[in-house]
Structure formats: C-alpha cells, structure tokens
K.L.:
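Next up is a structure, given as structure tokens.
In what follows, chains are A, B, ... by sequence order, proteins preceding strands, each numbered from 1. Note that these values count all heavy atoms, side chains included, but never hydrogens, waters or copies made by symmetry.
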Amino acid sequence: MTQLDDQLAELPYPEPPPELSAMILARIARIEQPAPAAPARRAASGWPALAGALGAAVAIALLVTSGVATVNVKLPRLGGSSAAPAMMGAKMMLPLTVSLTVYVLALLAPLRRRAER
Amino acid sequence: VSASDGDLVRGARRGDREAFGQLVQRYQRRLWGLVLMVTRDPGGAEEIAQDAFVRAYTRLERYDAQHPFYPWLATIAVRLAQNWLRDRGRVVRHEGAALDGEHDRGASAEALNALIEDERGRRLWRAVATLTSGERTAVLLYYRDEMAVADIARALGVTRGTIKTLLFRARQHLRERLPAKGSI
C-alpha cells in the first residue's frame, strides 16, 4: 500500500439526504400496493366477458341448429308464417333461455359493479 | 447482533419490507457517496440512489446470495449512473476509449464541499472529482468500497485490463494533485 492508496481508502462518506431511506421505502410501498389488487380486478372483470361470450355462443348455436334463425328472419319478409317458434322443441327452449340469461347477466355485470361501488 | 445481509435478503424476498429497510439503512451512505462522486450532482445522485435500491428490491430474485450484497447493489447503481451521464452527454465511451471521457473538472465542486465536513476529506474528494467518470468510479469501487477488479469490470461492463488502466491513470493523476499525507 502506498501513501496514496492509504489516502484513497480513507475517502470520507458524505451524509446522504435525510429523507433518502424514507423515499426509497415509500417508493417500494407504492410499487407493492397495486400488485395484489390488480389480479383481483382482472379476475372480476374477466368472468362477465367469458360468460357473455359463452352465453352468446350457445344461444347462436342453438338458433342455428334449430333453424329458427333462418325461418324467423327470412320468412316474414316473404309473407311467411308465425309458426317458427313452434319448430323449436321444448327441449331447446330451456338451454336457449339459460344461455341468453347468462349473456344478459354478463352484459349487465359492469353496471351492477359500478352501482355497488 | 445485527442480521447478516443474507438473512435480510431472504426476509425481503419473502416480502418483509422492514428487512429491506435495514439493507437500505446499512448501505445508503456508501451508495450515496458512490453515485454522488460518479455523477457529481447531488440531485442526480439522489435520484439514482433511490432508483438503485428500488431496482434491487424488485430484482432480488436475481441476486446470488453466495456473493456479498453491496457489489451487486453498486453494480446496479453504477449502470444507472452511467446511463444518467450518457443521457446528459457527460462522458462514458466504452472500451477503446475505456470510459475515458472528457475531464469536466470541478463542475459541482461547491456542492461536494457542502457535503463533506473536514478539510482533508474535502481535498481528497476534490482531487478525485477531477478524474474522468470511469477513473472516479474505479477508484471509489476499488479503494473505498474494496471491490475486486473483476467485480468492478463487471459493474462497468469493461475488461479487467481496462479497470487496471483506469486505476493506473487515476493514481498518476492524483499523485500530481494530492500533497503527501502528512501535509494534508
């Protein structure tokens, strides 16, 4: 060790700003705060979209497979009959109602959440 | 008995913010001195010291507990300081020129004087402040923070040879500027 080395090893440590550690910990706290809330919010906002899409898909599938959509849309223009609903069996009505209900509930979910807040 | 760095890091990894707070208390002065000397700007140094600790906290998983904590933290801080200097067009060219930027001597001498109380310490800091940013960083990490040449090279992103050259040049320059120990 030379004299210069000794001097450099003794370089003093200046005092940091008094609020430095508090600022650091506050920033860390800020980073951590939204973290647990974010997944919950995402989960909450995720289900209506999924349920809505599922409900709509089931309803459309039922309408298409039962042939009601084509009958209802096209026939009245051609002066068709109102017997279309009769084509849909009672078995179809229940799943169709359930899927449409899920779809509507999912559509209204954001409004309900806002009202609860 | 105070907890070891390893214990505090383990605690912080489990989400114990108090454990990390102890690490901040333990190293803030050392880190602040380092970034202050590298940037020679108290405002910039405060910003970088904060960023370095926050970044260390968010990247604790990457820290290898087999090695001491401070060199890892200092590496983060030095890289942030280099970016800070580069953003302001103050120095830092790599390899070849080896971090050997212009000597923007005495830019914040007054600010540094206000932060160091004794005259001897002030002279020493003033002399080191006249070195290039690369030389300053190497001197602080090597002499004051007692980091190995290999660790300093990793922190600065250069070779060991470059660090040795920086230290050699710094010593040469400081020998001209600093009076003998007894006379300070």
K.L.:
Restricting to side chain to side chain donor-acceptor pair (under 3.5 Å), what partner residues turn up for B/Arg79, sequence neighbours left out?
P.N.:
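Side chain to side chain donor-acceptor pair (under 3.5 Å) list for B/Arg79, sorted by chain: empty.
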K.L.:
side-chain contact (heavy atoms from CB on, under 4.5 Å) for A/Glu19 and B/Glu46? Distances and angles first, verdict last.
P.N.:
CA-CA 10 Å; A/Glu19 73 289 348; B/Glu46 186 170 356; 2.9 Å; yes
K.L.:
Identify the two heavy atoms, one from A/Pro14 and one from B/Arg29, that lie closest to each other, and give their separation to 0.1 Å.
P.N.:
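Looking at all heavy atoms of both residues, the shortest contact is O-CG, 3.5 Å.
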K.L.:
Looking only at non-hydrogen atoms, find the nearest pair between B/Gln28 and A/Ser21 and report the distance.
P.N.:
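Distance-wise, the nearest heavy atoms are OE1-N, 3.5 Å.
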K.L.:
B/Asp151: which residues meet the side chain to side chain donor-acceptor pair (under 3.5 Å) condition with it, sequence neighbours left out?
P.N.:
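B/Asp151: side chain to side chain donor-acceptor pair (under 3.5 Å) contacts with B/Arg154.
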K.L.:
What do you reckon, is CD of B/Glu18 surrounded by more than 12 foreign heavy atoms closer than 6.0 Å?
P.N.:
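No, because the 6.0 Å sphere around CD of B/Glu18 holds 12 heavy atoms or fewer from other groups.
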K.L.:
When rounded to the nearest 0.5 angstrom, what distance separates CG in A/Asp6 from OH in B/Tyr143?
P.N.:
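If we round to the nearest 0.5 Å, A/Asp6:CG and B/Tyr143:OH are 10.0 Å apart.
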K.L.:
Which atoms of B/Asp145 are under 4.5 Å from chain A, going by heavy atoms: the side chain, the backbone, both sets, or neither?
P.N.:
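The side chain, not the backbone.
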K.L.:
To the nearest 0.5 Å, what is the distance between CG (B/Leu124) and CD (A/Glu10)?
P.N.:
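Rounded to the nearest 0.5 Å, the CG-CD separation comes out at 8.0 Å.
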K.L.:
Report which part of A/Leu4 has an atom under 4.5 Å of a heavy atom belonging to chain B: side chain, backbone, both, or neither.
P.N.:
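Answer is side chain: those atoms of A/Leu4 sit under 4.5 Å from chain B.
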K.L.:
Side chain, backbone, both or neither: which part of B/Gln50 has a non-hydrogen atom closer than 4.5 Å to chain A?
P.N.:
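Both parts, backbone and side chain.
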K.L.:
Would a hydrophobic clustering, with Ile, Leu, Val, Met, Phe, Trp and Tyr connected at side-chain separations under 4.5 Å, put A/Met23 with B/Val54?
P.N.:
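Unlinked, A/Met23 and B/Val54 end up in two clusters.
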K.L.:
For A/Pro12, does its backbone N or O pair with a side-chain atom of B/Trp125 as donor and acceptor, under 3.5 Å?
P.N.:
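Judged by distance alone, yes, a pair lies under 3.5 Å.
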K.L.:
Minimum heavy-atom separation for B/Arg144 and A/Leu11, please, with both atom names.
P.N.:
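Shortest heavy-atom contact: CD-O, 3.6 Å.
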K.L.:
Any chance you could measure B/Phe53, atom CZ, to A/Leu20, atom CG, to the nearest 0.5 Å?
P.N.:
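It comes to 7.0 Å.
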K.L.:
Any chance OH of B/Tyr27 has more than 12 other-residue heavy atoms, nucleotides or ligands included, within less than 6.0 Å?
P.N.:
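Atom OH in B/Tyr27 is packed in, count exceeds 12.
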K.L.:
Kindly compute the distance separating CZ (B/Arg171) from CG (A/Leu8), expressed to the nearest 0.5 Å.
P.N.:
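It comes to 9.0 Å.
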K.L.:
Is there a chain of hydrophobic side chains (I, L, V, M, F, W, Y, each step under 4.5 Å between heavy atoms) that links B/Ile76 to A/Ile31?
P.N.:
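They do share one cluster, since a chain of ILVMFWY contacts under 4.5 Å joins B/Ile76 to A/Ile31.
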K.L.:
Quick check: closest heavy atoms across A/Ala29 and B/Arg17, and the distance to 0.1 Å?
P.N.:
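In terms of heavy atoms, the two residues are closest at CB-NH1, 3.1 Å.
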K.L.:
Which atom names give the shortest non-hydrogen contact between A/Leu25 and B/Gly21, and what distance separates them?
P.N.:
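For A/Leu25 and B/Gly21, the tightest heavy-atom pair comes out as CD2-CA, 3.8 Å.
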K.L.:
Within this structure, what is the CG-OH distance for the pair B/Leu34 and A/Tyr13, rounded to the nearest 0.5 Å?
P.N.:
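Atom-to-atom, B/Leu34:CG and A/Tyr13:OH are 10.0 Å apart.
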K.L.:
Nearest 0.5 angstrom please: B/Asp51 CG to A/Arg27 CZ, how far?
P.N.:
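One finds 4.5 Å between CG of B/Asp51 and CZ of A/Arg27.
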